[in-house]
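Residue indices begin at 1 and follow the sequence shown. Keep in mind it's a predicted model, so treat the numbers as computed, not measured.
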Amino acid sequence: MKNKNYNFEFLEFEKILSIDLWVLKNQDPTNSIKGFKKLFLKFNNFFNILKFFFGSIFRSIFFTPIIKFPKFKNLNIFYIRTFSRPDLVKHSEYYEKIEGTTLCVLDKRKKKFDLTNLYWCFFLLLKYKKLWIQVLHNNKIKFFSLSGFNLFIKLFNSFSDSLKILPVLLKYDKLVSFQEMMPVENILCQIANNNNIKTFGLEHAIGLYKETGDTWERYPVVHYLNTTCQNILCWGELSKKIFEKHSKAQIYIVGKAGLPETENISEGATFVFHSKKCKSANNALIGLSNICENYKIPLSRWYKEKNKDGIFRDGPLRKIIIGCSSNLLLELGFLGFEVYVIKESVLKNFLPKKLIIESISFNAKTIKFSESYPHEIWKEFIACTGKDSVAKYKNIILGN
């Protein structure tokens, strides 16, 4: 360990913990909750954190992330992804299959007993405690609190996985991070930079956010708060501008290789909902969908989370798409669907007025196919897809 060039003393812990710090600073106030309910919530949080702690210890000792090597080990590209959500996998796999790519997916693990990893995690966190304790102090978080202990466990988890991956990573020339915002990937990118490994952040989603508004409207800014890669590969001109605002990296446009399947399209409108936390947007979409229903317009409701009946997608994909700020709207717009957004949408500032539904009392009959629909606008968000996107990616990564 002493002979490894891990350079933990140069880590920016503010970036590693940026997502959790933002959430803590911007969480909805709970002062209105009193009495037994407040006591129950505290006990429940304590129990969950304790469970999280022992689970982290167990994973550190008995499991390690799976690293999948290419057939020919030319050790060129090391590619890391944190999650395996189906839509992420479909998009990411196009780039993972490039020849010479070694893949590490953090939520894919295998059994491997390693008690020394536990020791080194605690040793390093104690050795560099001044660095991360200062971050807690700067954000007015006490270590001996539920929030402070929770952040400590997340740091422990991140160090544990990083230590298992770094001996392999440091043999490579290039690191591609699919979700740079996630703590482990962020640590690996920082250490790779300090070891003269070229780092590339591959955009997995456009974080469309507002400077002011409800928590859910401002939250997507966390996509950009901890950018550390030397190079960013993004979808289109819009996301390039956002990255230029938050990063000093070299920004390249490569498009988005994986897009949704669009077979068996039906007449009518599909409403794309946000997560349940986005109440104002979802309420507006419910109101609009009810109006469409009253006009006998065939419609579908696609939910971010399961509805009360346990359904994600209530109906087929239809020719007209109505939503708020979901990346799915950008993808379907690029694929030629007629997409409209409600006035709460961040997209309101980037789209022609005729694509904005301003009032809940709109005439649903006006939402129909139009020969003058500005389909080209969506190329501002996604420049290209499929083989074209992969070709751009290869040219940049392989230095052609």
Consider side-chain contact (heavy atoms from CB on, under 4.5 Å). Of F159, Y6, W132, which one does L11 pass it with? F159
Grouping I, L, V, M, F, W and Y whenever their side-chain heavy atoms are under 4.5 Å apart, do I57 and L126 come out in a common cluster? no
Aromatic ring proximity, centroids under 6.0 angstrom, F243 and W235: no
Give a yes or no on whether I66 and V168 share a hydrophobic cluster (residues Ile, Leu, Val, Met, Phe, Trp, Tyr; joining criterion: side-chain heavy atoms under 4.5 Å apart). no
Measuring centre to centre across the rings, with the benzene-like ring taken for any Trp, is F178 within less than 6.0 Å of F83? no
Would you mind checking if K319 and E267 are paired as a salt bridge, meaning a charged N to carboxylate O distance below 4.0 Å? yes
Which atom of P220 lies closest to which atom of L208, heavy atoms considered: CG-O, 3.3 Å
With Y172 as partner, the option from F69, Y79, F78 fulfilling ring pair (Phe, Tyr, Trp, His ring centres under 6.0 Å) is F78
Flag the pair R85 and D87 as a salt bridge only when some basic side-chain nitrogen lies within less than 4.0 angstrom of an acidic carboxylate oxygen. yes
Are side-chain N/O atoms of N186 and Q190 paired as donor and acceptor at under 3.5 Å? yes
Does the pair T101 and E96 meet the rule for a side-chain hydrogen bond (donor to acceptor under 3.5 Å, both in side chains), with working shown? CA-CA 6 Å; T101 299; E96 295 169 10; over 6 Å; no
Go through the steps for E217 and V346 under the test side chain to side chain contact (heavy atoms under 4.5 Å, CB included), then give the verdict. CA-CA 8 Å; E217 294 175 297; V346 179; 5.7 Å; no
Do I253 and I251 share a hydrophobic cluster, counting only Ile, Leu, Val, Met, Phe, Trp and Tyr and linking them when any side-chain heavy atoms are less than 4.5 Å apart? no
Shortest non-hydrogen contact from A192 to L175? CB-CD2, 3.9 Å
If the threshold is 4.0 Å, N to carboxylate O, is there a salt bridge linking R109 and D161? yes
Please assess D114 against K164 for the test salt bridge (charged side-chain N to carboxylate O under 4.0 Å, His left out), listing each intermediate value before the final yes or no. CA-CA 10 Å; D114 186 359; K164 294 170 182 177; over 6 Å; no
Determine, using the 4.5 Å side-chain heavy-atom cutoff (strictly less than), whether F10 and I16 are members of one ILVMFWY cluster. no
Smallest separation among heavy atoms of L24 and S147, with atom names: CD2-OG, 3.6 Å
Salt bridge check, E211 against R218: does any charged N sit closer than 4.0 Å to a carboxylate O? no
Taking a hydrophobic cluster as the set of Ile, Leu, Val, Met, Phe, Trp and Tyr residues connected by side-chain heavy atoms closer than 4.5 Å, whether directly or through intermediates, do F62 and F156 fall within one such cluster? yes
Run the salt bridge (charged side-chain N to carboxylate O under 4.0 Å, His left out) check on K379 and E237 step by step: do they pass? CA-CA 8 Å; K379 290 185 179 180; E237 284 293 340; over 6 Å; no
Parallel, tilted or perpendicular: which one describes the rings of Y95 and Y393, with boundaries at 30° and 60°? tilted
Passing candidate, ring pair (Phe, Tyr, Trp, His ring centres under 6.0 Å) with F53, options F47, F46, F149, F58: F149
Under 4.0 Å between a side-chain nitrogen and a carboxylate oxygen: does that hold for K198 and D173? no
Residue pair T262 / L335: nearest heavy atoms and the distance that separates them: CG2-CD1, 3.5 Å
Checking K277 against W216: charged group under 6.0 Å from the ring centre and within 45 degrees of the axis? no
Ring-plane angle category for Y224 and H246, please: parallel below 30°, perpendicular beyond 60°, tilted otherwise. parallel
Test K210 against E344 for salt bridge (charged side-chain N to carboxylate O under 4.0 Å, His left out), laying out the working first. CA-CA 10 Å; K210 290 184 180 180; E344 289 85 356; over 6 Å; no
Run the side-chain hydrogen bond (donor to acceptor under 3.5 Å, both in side chains) check on N138 and Q134 step by step: do they pass? CA-CA 6 Å; N138 292 344; Q134 186 61 48; 2.8 Å; yes
Could you tell me whether K127 and E9 make a salt bridge, using a distance below 4.0 angstrom between a side-chain N and a carboxylate O? no
